[in-house]
Amino acid sequence: MAILSLRDVSVTYRSSGKEVHAINNISLDVEENESLGIVGESGSGKTTLIMAVLRLLNTKTTDVTGEALLKGEDIFQMTPERLSEIRWTEMAIVFQKALNALSPVHTVGRFIGDIYRVHKPEATKEEIRSVVEETFELVNLPKRIFKLYPHELSGGMLQRVSIAMSLILDPSLLIMDEATTALDVVTQNQILEEIKRLEEQKGITRIMITHDMSVVASSCKKVAVLYAGSLMESGPTEKVLVEPIHPYTQGLVESFPTFKTDTHEPLKSIPGSLPDLANLPAGCVFAPRCPKASDICFNSKPEMKDYPGNRKAACFFAGGSNNE
Amino acid sequence: MSNLKETTPVLTCENVSRFYRKKEKLVKDDGTVTRTSIAKAVNGVSFDLAPGEILGVIGESGCGKSTLGRLIVRLEKTSGGNVLLQGNNVEDLIKKDRLGFRKQIQMVFQNPFDTFDPRYTVEKALVGTLKLHGIGSSTAERRDMVLEKLNASGLIPAKDFMKRFPHELSGGQLQRISILRSMLLSPKVLVADEPVSMLDISIRADIINLIYDTARAEGTAAVFISHDITTTRYIADRIAVMYLGRIVELGKADDIALDPMHPYTKALISNCSSIDPREKREIIKLEGEPPSPVNIPKGCHFAPRCPFVKPTCFEEEKELVEINGRLVRCGSAIC
């Protein structure tokens with residue numbers, strides 16, 4: 001069963017008379033134990049999508065439509081009471097900047113303990129402490145940091161604290177928003193390894209939001225590619241990143257430098273830049289930058305279609321005659 | 001250094017160091033005590049740069065690569081050692097003629113939005129740079145020079161770009177303009193500090209190609225500072241790997257990337273990203289994080305985290321030794 005199903009989710013920001021279409025009709029299923037990577041460049045709407053799912057967007061300035069079913073229950077229709085019940089217990093998030101996610105005037109142990117106490121009011125002080133320390137152990141943190149403040153920890157340790165915080169109530173869905181982006185490669189790999197181990201141990205399903213495709217390649221089973229608020233392509237990681245069928249994914253994969261390619265053979269890039277989200281093109285959002293675009297692409301929007309190998313793509317030419 | 005051609009180096013770093021002093025207040029039971037600690041950000045770095053050569057400097061955050069860049073363009077004074085531009089000490093050059101010195105060494109920073117005046121159009125910023133350095137005889141001539149540069153680098157229509165303010169451009173476009181602004185002066189040396197790390201992957205290639213092409217065309221030597229080895233390997237002729245303020249390995253880009261010798265370089269490259277999920281590389285795991293430059297370990301700086309460590313590594317630090325046309329600072333790599 002899908003643990004999280006998005007049905008036709010759209011997010012529109014209203015600002016100074018303009019309507020910015022940050023997310024357009026996204027439908028997506030996250031199956032249990034199938035970690036999903038959502039990749040996209042800046043402005044593609046990956047964080048907006050997650051903020052909408054977490055119900056963290058300001059309702060006065062944003063319109064969210066569609067359905068987000070968490071184990072069959074629509075998050076968008078939940079009462080505030082129900083919402084605070086499921087936060088941290090059913091779904092948890094790890095943000096990019098761990099330092100900003102923690103309180104500077106509380107020790108990290110106290111801060112994490114508070115989350116536990118709110119959800120389990122009957123817990124004693126000793127119980128909370130032992131649970132927090134156990135969770136620290138899971139992410140390879142020494143017990144002594146219970147009494148330390150965030151500014152006393154290094155970036156890698158802070159990110160581990162954030163992860164410990166998200167795991168403390170055993171959520172079934174873990175969302176990581178660029179959680180390893182600010183870290184060095186060595187630390188990043190250490191943390192990714194730990195996450196993968198914990199996932200198997202605890203049966204957690206993970207959604208990983210990142211602009212770094214290598215992170216997805218090494219840690220996710222499935223991948224969804226986002227561009228200008230629309231879904232371009234999705235499917236198993238080893239298919240999508242190796243033989244992409246959407247021209248945008250193809251461009252992304254080609255512009256990623258590897259050790260295999262010859263040096264000083266000019267690197268490729270995708271010409272142009274992101275369309276204005278307040279004034280989206282009538283046809284495919286990628287058409288203005290697409291090397292394969294023809295008339296139809298500028299006039300009508302391609303639907304997400306199924307392709308062999310359990311993959312989907314939104315392109316008139318994907319898998320067709322135009323696709324070498 | 002022997003692996004360079006006979007040409008006289010345009011830039012030489014001789015034992016360049018930069019130490020930061022920090023006074024700390026320690027509150028103890030018997031009152032307050034102050035202690036001075038020294039952070040060795042850059043510690044005895046030496047290299048030569050031939051005209052037109054591109055040197056990549058890589059390392060994790062805190063290894064001193066950005067400080068090295070700032071020392072080369074003399075945004076900071078060295079604590080020890082000398083930076084020489086065509087044999088002349090930059091300290092003397094900057095005292096004699098600050099503007100003339102800046103014209104010869106230019107720098108490109110990570111975030112282009114911080115390096116442009118938000119109230120200046122691209123035209124005002126670029127033509128103003130030329131005027132300041134006395135290039136071109138009239139405003140019209142300077143405008144034409146700028147237009148030509150913009151056109152040549154694919155910022156078309158250039159006339160349209162000239163009228164825009166920095167906030168009306170994307171990060172990639174502004175970074176390209178920032179590089180062009182530096183290259184308008186035909187500098188001898190260009191220092192680029194993480195010029196692509198805040199840009200999207202799909203446009204990074206434009207920046208890399210622009211630096212590579214203009215540096216080659218003008219014969220400008222460049223120092224490309226980055227934490228990303230794959231990108232650096234594309235652009236650089238040689239790569240220097242830094243760890244805790246020291247160069248641990250220096251050699252041809254392909255040699256370093258494909259056949260690293262120093263254990264730290266090996267670990268760094270094995271941890272390097274690949275987007276092919278089928279590719280299963282053996283990742284060398286490192287324990288912990290780099291120590292702070294205040295508490296540099298005795299002996300080899302990397303010894304406490306090194307997977308190939310020997311007892312002798314903790315006793316004394318090795319010098320950079322030349323092996324097969326590259327420099328390595330390690331006891332175990334040599335044996």
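The structure displayed is predicted, hence computed values, not measured ones. In what follows, chains carry the letters A, B, and so on, assigned in the order in which the sequence lines appear, proteins first and then strands, with residues in each chain numbered from 1.
When all heavy atoms of B:Asp200 and A:Ser42 are compared, the pair lying nearest together is OD2-OG, 2.7 Å. Across every non-hydrogen atom of B:Asn271 and A:Val185, the tightest pair is O-CB, 4.0 Å.
Across A:Leu183, A:Val242, A:Val215, A:Thr187, the residue that shares the most heavy-atom pairs under 4.5 angstrom with chain B is A:Val242. The choice from A:Val253, A:Thr237, A:Val186, A:Val216 that makes the most heavy-atom pairs within less than 4.5 Å of chain B is A:Val186. The greatest number of non-hydrogen atom pairs below 4.5 Å with chain B, out of A:Ser269, A:Pro271, A:Gly156, is found for A:Ser269.
Of the two parts of A:Gln188, neither the backbone nor the side chain holds a non-hydrogen atom closer than 4.5 Å to a non-hydrogen atom of chain B. Contacts between B:Ile283 and chain A at a heavy-atom distance below 4.5 Å involve the side chain alone, from C-beta outward.
The backbone N or O of B:Leu286 lies less than 3.5 Å from a partner atom in the side chain of A:Gln190, making a donor-acceptor pair. With hydrogens and angles disregarded, a donor-acceptor distance shorter than 3.5 Å links the side chain of A:Asp184 to the backbone of B:Ser61.
When the shell of 6.0 Å around CD of A:Glu200 is examined, it contains 12 or fewer heavy atoms from other residues, nucleotides or ligands. When the shell of 6.0 Å around NZ of A:Lys196 is examined, it contains more than 12 heavy atoms from other residues, nucleotides or ligands. For B:Glu168, the CD atom is densely surrounded, since the number of other residues' heavy atoms within 6.0 Å is greater than 12. Around atom NZ of A:Lys46, more than 12 heavy atoms belonging to other residues, nucleotides or ligands sit under 6.0 Å away.
Between B:Ile201 atom CD1 and A:Ser214 atom OG the span is 7.5 Å, to the nearest 0.5 Å. Interatomic distance, A:Leu274 CG to B:Ser170 OG, rounded to the nearest 0.5 Å: 9.5 Å.
A donor-acceptor contact closer than 3.5 angstrom links the side chains of A:Glu41 and B:Ser202.
Residues of residues 224-232 of chain B placed with any heavy atom under 4.5 Å of a heavy atom in chain A are listed by number as B:Ile229, B:Thr230, B:Thr231.
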